[in-house]
Amino acid sequence: MLKIYNSLSRKKDNFTPIEAGKVSMYVCGMTVYDFCHIGHARVMVVFDMVARYFRHSGFEVTYVRNITDIDDKIITRARENNESITDLTERFIAAMNEDSDALGVLSPDSEPKATLHMSQIIEMISTLIDKQHAYVGNNNDVYFDVSSYENYGRLSGKNTDELRAGERVEVQLEKHDPLDFVLWKAAKPGEPSWPSPWGDGRPGWHIECSAMSTYCLGNHFDIHGGGQDLQFPHHENEIAQSVCSTGEEFANIWMHNGFVRVDEEKMSKSLGNFFTVREVLQKFQPEVIRFFILSSHYRSPLNYSITNLEEAKSALSGLYTSLRHASSNAVDEPLKKYVDEFNACMDDDFNTPKAISLLHELARDLNKNSDKSSKEAAELTVTLRYLGTVLGLLQDDPQTFLQAKSDSSTDDLDEVAIQNFIDERVAAKSAKDYEKADQIRDHLQSLGISLEDTPQGTIWRRN
RNA sequence: GGCUGAGUGGCAGAGUGGUUAUGCAGCGGUUUGCAAAACCGUGUACCUCGGUUCAAUUCCGGGCUCAGCCUCCA
């Protein structure tokens, strides 16, 4: 039985889908005004893993991850860059897709953009006004009336009195209550706008997600996810908007992934301590980043550092090393024993670190098989690869992975050049000229290329 | 100040009321022309103080420290 930690209940809940055999999941995606950083990568990879595991478990999954393509930051950035909003957002959507492809993140089933759902957004706001959960301010902004929803604060564990007491945002006179939040912003000169019953304007951020999730998945769906920082106010506001407009329940389970940290501090744009995905890809293979992300639990903080990525690289290389020689011929099914154990790990709130430890055990069992052509070796290989697939790992050819160049590679040799050195060394070895053979090996080693003499011949890898 | 969550061996990171996590690094061995890779062996780890218990790192309470949210943020 799959258990998922539900931010709403603050405990691991048994997962019972609304419709048997199906899962509907909405995740708050990116606001596209800059390159994705490792924190964004974590959201993409974590929920990709969740979707993959659901599919592996036999569910029919509908995974929606939205794109916020209209927002204050986008407007500001476009103005700074002196480019159109569409040019800016298109550029960063393309960049985001490159990053997510590199990280082995499968495309969600749907990636709605806010600007293409204005009619749903306006309709939802109208409903909220009709039901007296929202009001139009003197400035023609539309606000949600927080006092009209009694469960406000349930998700974030806050109560409205405390929120008012701790109010740190400057009070806007148009609001009835400082906690009220904007649903529709009246257009300011030079800003993009859409027509609405309250005049030209654009939607607030929170309503976009309510409208798009409802449009894509219906009023009531299984899982809503996103980064921990969205729990309040974004997700709290989404619940208020959706429940008040539809009169139905919203998401059953709320999943929040932990932050990526740098030096014990949250990685964020505002702190300026972020590393973009493409920046890190200069130095590490994409799968190393994915492995790094999955090697800690999705709710734990994840400390970004070169040392930790290097460790992830070593660990992942170990798994690939075990896959090098064994064949997978004549075996179709992964070994049930390992699959069951793997499922038990993942059923416990997606415990990927524990699942990965099982992968290491499989690799060790595989390495113990001296006969690489044995049926057992083939079974273990198939199982390791299969379980890797569920996590989006170990899909590369082992030699390709182990020989890949990276920023830290110091050689500029191609495969032919390396093979020539190896041939030369093999010849020296057969002539028992070990001094020369060692010289060649040391030379390659100094360039970051390691040789291994195996029964199948000499093979190489980049460190 | 309010509300969350966390403190595990050199590092990373799971987990558990009494028994080996796992990985990286280290050390010893097997193997190898020598290496590498691999395998085997190797660590008196659970912030602190009380409490519950036959037994607590694990449960409860206090304290200390750290992080996050309360403002845009994945």
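In what follows, chains are A, B, ... by sequence order, proteins preceding strands, each numbered from 1. On a predicted model such as this, the values are computed, not experimentally measured, just so you know.
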To the nearest angstrom, how far is [X] atom [atom1] from [N] atom [atom2]?
X        : N      : atom1 : atom2 : value
A/Met267 : B/rC73 : CE    : C1'   : 13 Å
A/Gln231 : B/rG5  : CD    : P     : 10 Å
A/Tyr5   : B/rG5  : OH    : P     : 5 Å
A/Tyr320 : B/rA37 : OH    : C1'   : 18 Å
A/His40  : B/rC73 : NE2   : C1'   : 7 Å
A/Asp349 : B/rG5  : CG    : C1'   : 14 Å
A/His206 : B/rU71 : NE2   : C1'   : 11 Å
A/Asn66  : B/rA74 : CG    : P     : 10 Å

**Request:** Give A/Asp438 one of three labels, base, sugar-phosphate or nothing, depending on what nucleic acid heavy atoms sit under 4.0 Å from its own.
**Result:** base
**Request:** Have a look at A/His256 and say if it touches a base, only the backbone sugar-phosphate, or nothing, with a 4.0 Å heavy-atom cut-off.
**Result:**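 Nothing, no heavy atom under 4.0 Å.
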If the cut-off is 4.0 Å, is [X] near the phosphate of [N], judged by side-chain N/O to OP1 or OP2?
X        : N      : value
A/His360 : B/rU22 : no
A/Ser300 : B/rA14 : yes
A/Lys429 : B/rC34 : no
A/Lys313 : B/rG23 : no

Could you check whether the side chain of [X] and the base of [N] have a donor-acceptor pair of N or O atoms closer than 3.5 Å, going by distance alone?
X        : N      : value
A/Gln228 : B/rG68 : no
A/Asn351 : B/rG15 : no
A/Arg364 : B/rC39 : no
A/Arg42  : B/rA74 : no
A/Lys158 : B/rC69 : yes
A/Lys73  : B/rC73 : no

Could you identify the nucleotide paired to [N], looking across every strand shown and requiring Watson-Crick or G-U wobble geometry with both distances under 3.5 Å?
N      : answer
B/rC3  : B/rG68
B/rG17 : none
B/rU31 : none
B/rU53 : none
B/rA37 : none
B/rU22 : B/rA12

**Asked** When rounded to the nearest Å, what value does the distance between C1' atoms of B/rG15 and B/rA36 take?
**Response** 34 Å
**Request:** Taking atom P in both B/rG9 and B/rU44, compute the distance separating them and give it to the nearest angstrom.
**Result:** 14 Å
**Request:** For the pair A/His443 and A/Phe421, name the ring-plane relationship: parallel under 30°, tilted 30 to 60°, perpendicular over 60°.
**Result:** tilted
**Message:** Tell me whether the ring of A/Phe259 lies stacked over the B/rA67 base, given a 5.5 Å limit on centroids and a 30° limit on the plane angle.
**Reply:** no
**Options B/rU4, B/rA12, B/rA37, nucleotide nearest the side-chain atoms of A/Arg10** =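 That would be B/rU4.
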Between [X] and [Y], does at least one N-O distance fall below 4.0 Å, as a salt bridge requires?
X        : Y        : answer
A/Arg77  : A/Glu80  : yes
A/Arg425 : A/Asp453 : yes
A/Glu379 : A/Lys375 : yes
A/Arg290 : A/Glu287 : no
A/Arg91  : A/Glu83  : yes

**Prompt:** Can you name the one residue among A/Asn303, A/Leu302, A/Asn308 that meets side chain to side chain contact (heavy atoms under 4.5 Å, CB included) with A/Ser296?
**Reply:**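 Exactly one option meets the side chain to side chain contact (heavy atoms under 4.5 Å, CB included) with A/Ser296, and it is A/Leu302.
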